[in-house]
Amino acid sequence: MKAFVSQALQGALQQLHAQGSIPGIPATLELDRPKQGEHGHLASNIALLLARIAGRKPRDLAAEIVAALPASEWIARAEIAGPGFINFFLQPAAFHTVIRQVRAEREGFGANRSGAGQRLQLEFVSANPTGPLHVGHGRGAAYGASLANILRFNGYDIFCEYYVNDAGRQMDILAASVYLRYLEAAQALPWPFPSNTYRGEYVRAVATRLRERVGNRLLYAATGLPDLPKIGDGDLAIDTLIAHLKQSLGEDYRVLHSAGLDEILDDIRDDLIGFGVHYERWYSEHSLMNTGAVDAAVAALEAAGHCYIHEGALWFRATAFGDDKDRVLRRDNGAYTYFASDVAYHAEKFARGFTRIIDMWGADHHGYVPRVKAALRALGLDDQCLEVVLVQFAVLYRGTEKVSMSTRAGEFVTLRALREEVGNDAARFFYVLRRADQHLDFDLELAKKHSEENPVFYIQYAHARVYSLLRQTTEKGLSLPPAAGSIDLEPLQDPREWALADTLWRFPEVVATAARDREPHQIAFYLRDLAAAFHTYYNSTRILVDDTPLRHARLTLCTAVAQSIANGLRLLGVSAPEQM
RNA sequence: GCGCCUGUAGCUCAAUCGGAUAGAGCAACGGCCUUCUAAGCCGUAGGUUACAGGUUCGAUUCCUGUCAGGCGCACCA
């Protein structure tokens with residue numbers, strides 16, 4: 001519909017161009033939706049933009065453009081206002097068309113094909129499998145999954161991926177932690193549980209289950225156990241412990257290692273599926289090591305002459321590519337850094353031929369962006385294809401009271417606990433209510449409220465109200481509008497009905513800009529607007545009237561609203577109940 | 001110290017890649033249920049868009065500086 005007005009405008013401009021009144025025509029014409037009702041349904045600033053290059057007064061130019069507009073059945077009139085805006089007022093027929101469109105396209109209403117043929121890879125959450133997901137990860141999950149849905153709705157081919165850091169030192173620390181809890185359970189731990197290991201309850205649970213499986217068979221590694229309290233609380237103590245376990249357990253170390261990894265990863269998968277978050281692939285860091293991809297990536301950087309040896313470590317000259325420091329790829333002990341495998345991982349993403357790669361990272365990783373981009377450029381890849389979205393932290397509140405989330409003590413709030421407390425719908429919605437780069441205050445009390453204060457219920461209620469109307473219609477023995485075929489919408493002559501239809505017509509636009517800007521919150525805000533517009537209409541107008549053509553037309557409008565709400569909620573992973 | 005992000009109503013946030021009189025929700029105050037769900041609606045009040053300059057017909061938006069907050073500055077991930 002916007003395209004229709006845009007076309008008319010384009011026609012006028014072409015005519016003026018042919019006459020020589022204006023030197024050129026912009027490739028894209030912007031049509032704004034004015035805030036003020038008196039400014040019409042759509043407005044163009046084209047005369048203001050062209051005035052300078054044409055050397056004309058904006059208002060004069062606007063008058064010429066309006067005069068050149070082709071006749072149209074949808075445009076009622078065009079007015080010139082302010083410094084030179086052209087305001088378009090639409091005919092009711094234009095609004096009726098939107099309602100018909102929703103009716104015809106159903107769950108496809110709002111979609112477009114602008115991303116057709118483009119393959120995008122989205123990587124999000126990718127939390128270390130060293131413990132259950134917490135509420136911070138939940139935001140990344142909700143954001144990533146919603147963005148994936150929105151991009152798919154824009155025709156993109158989306159591939160979601162979770163990068164599993166199953167190879168690093170953190171996993172060894174987890175294995176060590178599990179072992180210590182295992183000793184503890186067998187009353188074979190000679191000193192208190194150390195503070196710089198993973199101390200969450202879940203580690204104890206893993207150890208308990210390990211003990212159920214293998215009994216006391218792994219106790220033998222307690223012999224010669226390093227005296228941690230004596231060594232101290234630093235990294236040295238942990239590394240000594242890990243080295244001891246690897247040497248002493250030999251092949252059995254894998255049992256220990258996977259006891260933690262497998263169980264925690266299963267829990268994360270299960271948690272995300274329960275949250276409506278699905279991945280095309282879980283990509284193992286370990287597999288990158290195994291296939292030699294890391295060796296290859298590092299060798300490629302070396303071959304290109306971007307590396308040097310310093311104090312026994314292999315460094316990448318990141319400063320030559322815009323980073324503020326050079327970065328270590330391989331430590332003096334021969335082990336690759338996390339950075340090395342991440343370079344390999346990203347190089348591998350490029351090799352898979354995605355049009356674009358979008359990483360969603362916690363905001364605390366922002367310093368990491370320049371070095372990854374630097375490495376990609378050093379490998380001769382186009383770092384513009386990598387887009388990094390930094391997701392800020394979420395802070396939980398219970399009313400006005402901040403919920404503390406100390407990871408050190410292992411007492412963080414898990415995503416699972418949050419989902420159980422407020423429900424998936426509220427959690428998914430609240431998480432995407434803010435732009436990714438804004439801090440998020442998540443109020444648990446509000447999320448649980450079943451009232452207008454809670455935007456999720458406010459929107460779902462609007463949807464349910466429409467279904468209630470449909471139920472009432474049959475109960476009263478009245479006829480419903482035909483499900484398919486033609487419908488007469490001429491009875492809709494109330495400006496309030498046009499306003500509601502006008503809001504419907506914004507949905508496809510919001511879907512497009514939300515995708516362009518990577519901003520799911522635009523959908524959330526739109527849905528609140530649409531629900532409000534519906535509630536207003538519902539309160540002002542009786543739907544179930546005896547006049548059959550009018551009732552049919554109004555019910556058709558209402559079901560179009562419900563359909564749009566359902567489509568929008570679906571993009572956010574929130575259910576659209578028919579009854580509340 | 002350097003870098004990234006942010007600063008908008010009492011609170012939480014919007015503002016369509018520079019547009020007209022900066023908008024919502026919550027909180028506050030005042031109204032609306034013998035009629036389709038009051039889980040709702042209507043109205044009132046609330047602003048020097050942190051501050052100072054600059055670019056522009058036009059700036060919350062772009063540029064520079066100052067102030068304030070968050071995050072980061074590992075041979076951790």
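Protein chains get the first letters and strands the later ones, always in sequence-line order, with residue 1 at the start of each. Everything numeric here is computed off the predicted structure, so don't read it as measured data.
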Sugar-phosphate only, base, or nothing, as touched by Phe339(A) at under 4.0 Å among non-hydrogen atoms: nothing

A74(B) to G7(B) separation - C1' atoms, rounded to the nearest Å: 31 Å

Separation between the C1' atoms of U64(B) and C11(B), rounded to whole Å: 33 Å

Dot-bracket summary - RNA chain B, pairs being Watson-Crick or G-U whose distances fall under 3.5 Å, with | when paired to another strand: (((((((..((((.....[...)))).(((((.......))))).....(((((..]....))))))))))))....

Interatomic distance at P, A50(B) relative to G10(B), whole Å: 13 Å

Give me, pair by pair, the N or O atoms of the protein and of nucleotides 9-12 of chain B that are less than 3.5 Å apart, along with how far apart they are.
from, atom 1, to, atom 2, distance (Å)
U12(B), O2', Arg434(A), NH2, 2.7

Separation of the C1' atoms in C67(B) and G53(B), to the nearest angstrom: 15 Å

From C41(B), A77(B), C17(B), nucleotide with atom closest to Tyr458(A) side chain: C41(B)

Within the 6.0 Å centroid threshold, strictly below: Tyr397(A) and Phe442(A): no

Nearest-nucleotide pick for His521(A), side chain only, options being A77(B), U16(B), A15(B): A15(B)

Under-4.0 Å side-chain N/O to phosphate OP1/OP2 contact, Lys325(A) with A74(B): yes

Which nucleotide in A20(B), C75(B), U16(B) has an atom nearest any side-chain atom of Glu311(A): C75(B)

Touch class at under 4.0 angstrom, heavy-atom based, for Asn87(A) against every strand present: base

Distance, C1' atom - from U61(B) to C41(B), rounded to whole angstrom: 34 Å

Base G3(B) to side chain His366(A), donor-acceptor N/O within 3.5 Å cut-off: yes

Integer angstrom distance from the P of U60(B) to that of A22(B): 9 Å

Nearest to side-chain heavy atoms of Asn165(A), which nucleotide of C75(B), A77(B), U16(B): A77(B)

Side-chain donor-acceptor contact under 3.5 Å, Arg551(A) with Thr473(A): no

Contacts of type side chain to side chain contact (heavy atoms under 4.5 Å, CB included), residue Pro495(A), not counting sequence neighbours: Trp498(A)

Report each atom pair, protein N/O against N/O of nucleotides 56-58 of chain B, whose distance is under 3.5 angstrom.
none

Partner residues of Arg506(A) under the salt bridge (Lys or Arg N to Asp or Glu O under 4.0 Å) criterion, sequence neighbours left out: Asp529(A)

His39(A) over A20(B), stacked by centroid distance under 5.5 Å, angle under 30°: yes

By side chain to side chain contact (heavy atoms under 4.5 Å, CB included) - contacts of Ala533(A) (at least two apart): Leu500(A), Thr503(A)

Sugar-phosphate, base or nothing in reach of Ala313(A), heavy atoms under 4.0 Å: base

Ring center gap for His463(A) and Phe534(A) short of 6.0 angstrom: no

Listed nucleotide nearest any side-chain atom of Thr536(A), set C42(B), G19(B), C73(B): C42(B)

Phosphate contact (U16(B) OP1 or OP2) by Arg516(A) side-chain N/O below 4.0 Å: no

Contacts of type ring pair (Phe, Tyr, Trp, His ring centres under 6.0 Å), residue Phe153(A), not counting sequence neighbours: none

Among C75(B), G72(B), A77(B), the nucleotide that comes nearest once only the side chain of Trp315(A) is considered: C75(B)

Under 3.5 Å donor-acceptor, Gln522(A) side chain and Val511(A) backbone: no

Glu578(A) vs Asp324(A), nearer the 5' end of RNA chain B by closest nucleotide: Asp324(A)

Identified side-chain contact (heavy atoms from CB on, under 4.5 Å) partner of Leu555(A) from the options Val466(A), Leu550(A), Leu480(A): Leu480(A)

Pairwise C1' distance, U21(B) and A59(B) [rounded to whole Å]: 16 Å

OP1 or OP2 of A38(B) under 4.0 Å from side-chain N/O of Arg465(A): yes

Quiz item: cation-pi between Arg77(A) and Phe88(A), 6.0 Å / 45°: no

Residues which pass ring pair (Phe, Tyr, Trp, His ring centres under 6.0 Å) with Tyr163(A), listed by chain and number, not counting sequence neighbours: Tyr345(A)

Syn/anti state of C4(B) by chi, 90° boundary around 0: anti

Sub-6.0 Å ring centroid separation between Phe124(A) and Tyr143(A): no

Selection: residues 541-549 of chain A, any non-hydrogen atom under 4.0 Å of RNA chain B: Thr541(A), Arg542(A), Ile543(A), Leu544(A)

Among U16(B), A77(B), C4(B), the nucleotide that comes nearest once only the side chain of Thr337(A) is considered: A77(B)

Centroid distance under 5.5 Å and plane angle under 30°, Phe525(A) vs A14(B): no

Of Thr513(A) and Gln392(A), the one whose closest RNA chain B nucleotide lies more 5': Gln392(A)

Under the ring pair (Phe, Tyr, Trp, His ring centres under 6.0 Å) test, residues paired with Phe339(A) that sit two or more places apart: none

Phosphate OP1/OP2 of A24(B) contacted by Tyr526(A) side-chain N/O (<4.0 Å): no

Face-on cation placement of Arg330(A) at Trp315(A) ring, 6.0 Å and 45° thresholds: no

Selected nucleotide, minimal atom distance to Gln170(A) side chain, candidates G72(B), A77(B), C75(B): A77(B)

Asp364(A), nearest nucleotide to its side chain (from C71(B), A20(B), U6(B)): C71(B)

Between P of G19(B) and CD1 of Ile46(A), the distance in whole Å: 14 Å

Sugar-phosphate only, base, or nothing, as touched by Arg506(A) at under 4.0 Å among non-hydrogen atoms: nothing

Distance between C1' atoms of U12(B) and U6(B) (Å, rounded): 15 Å

Arg528(A) vs A24(B): side-chain N/O to OP1/OP2 distance below 4.0 Å: no

Residue list, ring pair (Phe, Tyr, Trp, His ring centres under 6.0 Å) with His346(A), at least two apart or on another chain: none

Sequence neighbours excluded - salt bridge (Lys or Arg N to Asp or Glu O under 4.0 Å) pairs with any residue from residues 511-525 of chain A: Glu387(A)-Arg518(A)

Closest nucleotide among C71(B), C36(B), A77(B) to the Asn128(A) side chain: A77(B)

Asn454(A) side, atom CG; Phe430(A) side, atom CZ - distance, nearest 0.5 Å: 4.5 Å

Sugar-phosphate only, base, or nothing, as touched by Ala335(A) at under 4.0 Å among non-hydrogen atoms: nothing

